[in-house]
Participant: 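Attaching a single structure in structure tokens format; questions to follow.
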Amino acid sequence: MSTRIAVVTGASSGIGAATARHLAEAGFEVVCAARRTDRVEALAAEIGGRAVACDVTDAAQVATLAEEVGPRLDVLVNNAGGAFGLAPVAESDPDDWRRMYDVNVLGVLNVTQALLPALVASGAGVIVNVGSTAGRLVYEGGAGYTAAKHGTKAVTQTLRLELFDQPVRVSEVAPGMVHTEEFSLVRFDGDQAKADAVYAGVPDPLVADDVADAITWIATRPPHVNIDELVIKPRAQAAQHKVHRV
Ligand code: NDP
């Protein structure tokens, strides 16, 4: 049997990097894609994969990614994404909202369109989109991000309908609070104190490996099994607003 190939976008940190490692351990050759070339190159060297510099919002770079992948692909993990800001609607910067829509929704669209033929050609493709609990509810200051992640969910569900007669499964992993190094730092534009406050006192937030484990489980089910969605939160987070802190 030929080596199974997986693509992970946003593989330069956090959930994406952990997922690339888990998939490699599960036997996949992983194509690690992100904007920070040095990081994806180091990761690819570590796990015996391939690195591609790719901004998922840039059609030309996504086309290069598709060329590098070639005619057959088994698993696509659309993980690249993120939040910018936590301003109320009345004060939000529309540019932040545009960037969030760009990466969390149009990024999924671009990469999926480019790689779908290869996923179909594998005869048993899997797409796992990394959404969020922010795609299931809303919270104050979060409208730009929750709107974008609701968008990720809508794309995922629509794609599953449209591909109903194709050999491609479509799943969404929707994590709650995951303590990754960069997510909140990016959200608060490098303000470490604000980023740390998100996780302050939470006994055990999820870590990237927890989500990577879930994604890898989805990607390795038998070809007739479609995990539609998997919501994963730390025990301390009973709901978005109900977080145990000590
Ligand atoms: P990180 O900030 O660590 O990871 C984000 C990744 O996305 C980075 O590797 C970044 O790489 C990449 N990325 C960002 N923009 C682009 C782009 N335009 N093109 C290509 N890659 C891009 O955060 P997490 O690992 O925590 O988040 C990963 C995913 O999980 C995101 O979709 C996020 O929304 C989602 N999520 C996170 C949660 C959390 O609490 N941490 C909870 C729920 C969902 P680079 O800058 O090198 O391009």
Side-chain angles (χ1 to χ4, degrees), residues 7-22 31-44 51-62 64-65 76-86 96 98-111 114 128-137 139 142 144-153 155-156 172-190 195-196 198-199 202 204-212 214-215 229-234 236-237 240 243:
V7 167
V8 180
T9 67
S12 60
S13 64
I15 293 167
T19 300
R21 290 193 176 95
H22 279 238
V31 180
C32 308
R35 292 168 302 178
R36 284 171 293 179
T37 319
D38 52 337
R39 286 194 177 215
V40 279
E41 280 175 354
L43 178 62
V52 178
C54 179
D55 180 336
V56 297
T57 67
D58 181 314
Q61 293 185 33
V62 171
T64 304
L65 171 65
L76 166 61
V77 182
N78 279 313
N79 163 77
F84 309 116
L86 192 65
D96 283 342
R98 254 179 230 113
R99 286 164 65 211
M100 286 189 272
Y101 195 81
D102 255 4
V103 67
N104 292 291
V105 184
L106 297 182
V108 172
L109 174 71
N110 292 339
V111 177
V128 184
N129 291 335
V130 180
S132 173
T133 49
R136 273 137 189 92
L137 42 73
Y139 54 91
Y145 183 56
T146 57
K149 285 299 193 189
H150 276 77
T152 310
K153 181 176 67 177
V155 174
T156 308
E172 182 193 354
V173 168
M177 182 185 282
V178 190
H179 195 170
T180 53
E181 257 174 57
E182 297 188 0
F183 178 81
S184 292
L185 209 53
V186 169
R187 175 167 225 171
F188 296 115
D189 206 16
D196 290 346
V198 172
Y199 314 101
V202 179
D204 272 313
L206 294 178
V207 293
D209 276 331
D210 297 318
V211 183
I215 292 170
E229 57 183 35
L230 197 157
V231 178
I232 174 170
K233 295 184 291 177
Q237 188 182 32
Q240 197 78 11
V243 179

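Just follow the structure's listing: the first ligand is 1, and inside any ligand the first atom is 1.
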Participant: Heavy-atom contacts under 4.0 Å between V178 and ligand 1: side chain, backbone, both, or neither?
Facilitator: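 Answer for V178: both.
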Participant: Does any part of the side chain of T19, heavy atoms only, come nearer than 4.5 Å to the side chain of N79, both counted from C-beta?
Facilitator: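 The answer is no, as the side chains (C-beta and beyond) never meet within the 4.5 Å cut-off.
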Participant: Any atom of ligand 1 sitting under 4.0 Å from a heavy atom of A208?
Facilitator: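 A208 does not count as a contact of ligand 1 under the 4.0 Å cut-off.
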Participant: Please check if the number of heavy atoms outside E182 that lie under 6.0 Å from its CD is greater than 12.
Facilitator: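 Yes, CD of E182 has more than 12 neighbouring heavy atoms, counting only those of other groups under 6.0 Å.
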Participant: Only one of F84, Y145, Y199 forms a ring-ring contact (aromatic ring centres under 6.0 Å, His included) with F183, so which one is it?
Facilitator: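 With F183 as partner, ring-ring contact (aromatic ring centres under 6.0 Å, His included) holds for just one option, Y145.
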Participant: Quiz question: by atom type and distance under 3.5 Å, do the side chains of T57 and D102 form a donor-acceptor pair?
Facilitator: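 There is no such pair (donor and acceptor under 3.5 Å, judged by atom type) between the side chains of T57 and D102.
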Participant: Classify the contact between A174 and ligand 1 as side chain, backbone, both or neither, using a heavy-atom distance cut-off of under 4.0 Å.
Facilitator: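 Answer for A174: neither.
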Participant: Can you check whether V31 reaches V7 side chain to side chain, under 4.5 Å on heavy atoms?
Facilitator: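 They are in side-chain contact.
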Participant: Does H179 approach ligand 1 within less than 4.0 angstrom via side chain, backbone, both or neither, non-hydrogen atoms only?
Facilitator: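 No part of H179 is near ligand 1 at this cut-off.
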Participant: Under 4.0 Å, counting heavy atoms only: does D55 come that close to any atom of ligand 1?
Facilitator: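 Flag set, D55 near ligand 1.
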Participant: Short N/O distance, under 3.5 Å, between R35 and ligand 1?
Facilitator: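 So ligand 1 has an N or O lying under 3.5 Å from an N or O of R35.
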Participant: Work out whether the distance between some heavy atom of G131 and some atom of ligand 1 is less than 4.0 Å.
Facilitator: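 G131: in contact with ligand 1 (<4.0 Å).
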Participant: Tell me whether ligand 1 is touched by G176 - counting only heavy atoms on the residue side and a distance under 4.0 Å.
Facilitator: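 G176 counts as a contact of ligand 1 under the 4.0 Å cut-off.
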Participant: One residue to check: T180. Relative to ligand 1, which of side chain, backbone, both or neither has a non-hydrogen atom less than 4.0 Å away?
Facilitator: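 For T180, the contact with ligand 1 is made by the side chain alone.
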Participant: Does ligand 1 come near enough to P175 that some N or O of the ligand is less than 3.5 Å from an N or O of the residue?
Facilitator: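 By distance alone, the answer is no.
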Participant: Between T9 and A80, is there a donor-acceptor pair closer than 3.5 Å when you use the side chain of the first and the backbone of the second?
Facilitator: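 Such a contact is found between T9 side chain and A80 backbone.
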Participant: Examine the proximity of ligand 1 to T9 and report which part, side chain or backbone, both or neither, has a heavy atom under 4.0 Å away.
Facilitator: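 Neither; no heavy atom under 4.0 Å.
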Participant: I'd like to know if the side chain of E172 and the backbone of T156 have a donor-acceptor N/O pair within less than 3.5 Å.
Facilitator: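 A pair under 3.5 Å: no.
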Participant: Give the contacting part of Y145 toward ligand 1: side chain, backbone, both or neither, where contact means a heavy-atom distance below 4.0 Å.
Facilitator: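 Near ligand 1, Y145 shows its side chain, while the N, CA, C and O stay back.
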Participant: Check for me whether R39 has a heavy atom closer than 4.0 Å to any atom of ligand 1.
Facilitator: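 No, R39 has no heavy atoms under 4.0 Å from ligand 1.
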Participant: Within less than 4.0 angstrom of ligand 1, does G82 place any heavy atom?
Facilitator: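 Within the 4.0 Å threshold, so yes.
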Participant: Does a side-chain heavy-atom distance below 4.5 Å link Y139 with L86?
Facilitator: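 With C-beta onward as the side chain, the pair touches.
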